[in-house]
Structure formats: C-alpha cells, structure tokens
Amino acid sequence: MRIDPSVPAVAAGLIGGYSVARFSGIRPLGGVALGAAGLYAGRSWLAQGPAVTAGLTAVYLGAFGASHPLAKKIGAWPSVLAMTAVATGATAAATARR
C-alpha cells in the first residue's frame with residue numbers, strides 16, 4: 001500500500017506548527033507552518049474529490065482546534081500528539097488506494 005504524501009504533511013503541519021509557535025514564541029508563525037502544510041495536503045486531497053477534501057480539511061482544522069481544550073486536561077505535547085494521530089489516521093484511511 002502506498003502512503004499518500006498528505007499523511008506526513010498533516011503530521012508535519014500539526015506538530016511543526018505547534019513546535020514553531022512554542023519555540024519561537026511567535027504564535028502566528030506557527031499558524032503559517034500549520035497553514036502551509038494544510039495547503040500542501042489539501043492540494044493532494046483535491047484528486048480524491050470534493051467530499052474527501054472537505055472532510056479531511058474539517059478533520060485537520062478540527063484536530064488543531066480540539067488540541068487546545070484537550071491540552072488543558074492532558075498537557076500540550078500529549079494533546080498535540082493525540083490529535084496528530086487522529087488526523088493522520090483519518091487521512092491515511094481516506095486516501096488509501098485500494
């Protein structure tokens with residue numbers, strides 16, 4: 001089975017976006033990293049059709065949004081890693097070539 005290039009892009013966007021924001025101290029810069037990876041992944045999703053693109057975009061942005069309240073319960077890094085696992089798993093499942 002071939003892994004779609006959007007799967008590592010999703011992981012890089014969520015983990016990288018958080019890392020850039022945390023270690024640079026500039027939150028908007030983390031948003032740029034998150035957005036750039038999301039745009040790259042989104043271009044790959046377009047080949048799967050509009051429904052897949054819309055669904056995976058919602059998962060990607062939802063994982064970003066859900067990581068914030070989850071971080072208050074389990075900590076920042078565990079939250080980012082958990083939401084990254086959810087988003088990359090959904091991406092891998094939706095883009096798997098059968």
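Tested against Met83, the residues Val86, Leu81, Val80 include a single side-chain contact (heavy atoms from CB on, under 4.5 Å) partner, Val86.
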Query raised in the report: Where do Trp77 and Arg22 land on the side-chain contact (heavy atoms from CB on, under 4.5 Å) test, with the steps shown first?
Result: CA-CA 10 Å; Trp77 275 113; Arg22 174 153 183 156; 4.3 Å; yes

Report task. Take Thr95 and Ser6, measure what side-chain contact (heavy atoms from CB on, under 4.5 Å) needs, and give me the verdict at the end. Result -> CA-CA 8 Å; Thr95 59; Ser6 65; 4.1 Å; yes

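The side-chain contact (heavy atoms from CB on, under 4.5 Å) search around Thr53 returns Trp45, Leu46, Thr57, not counting sequence neighbours.
The two residues Ala41 and Ala9 come nearest to each other via the heavy atoms CB-CB, 4.2 Å. Closest heavy-atom contact between Leu70 and Ala82: CD2-CB, 4.5 Å. The shortest non-hydrogen separation linking Ala87 to Val59 is CA-CG1, 3.8 Å. Nearest heavy-atom pair, Val20 versus Ala33, reported as atom, atom and distance to 0.1 Å: CG2-CB, 4.3 Å.
Note on residues 47-75: pairs passing ring pair (Phe, Tyr, Trp, His ring centres under 6.0 Å), not counting sequence neighbours, are Phe64-His68.
Within the 4.5 Å cutoff, side-chain heavy atoms of Pro28 are placed close to those of Ile26. Side-chain atoms of Tyr18 and Ser67, non-hydrogen and from C-beta on, never get closer than 4.5 Å to each other.
Judged by distance alone, with hydrogens and angles left aside, the side-chain atoms of Thr84 form no donor-acceptor pair with the main-chain N or O of Ala11 at under 3.5 Å.
Atom-to-atom distance recorded for Leu14:CG and Thr88:OG1 is 8.5 Å, nearest 0.5 angstrom.
Side chains of Asp4 and Thr91: no donor on one and acceptor on the other come within 3.5 Å.
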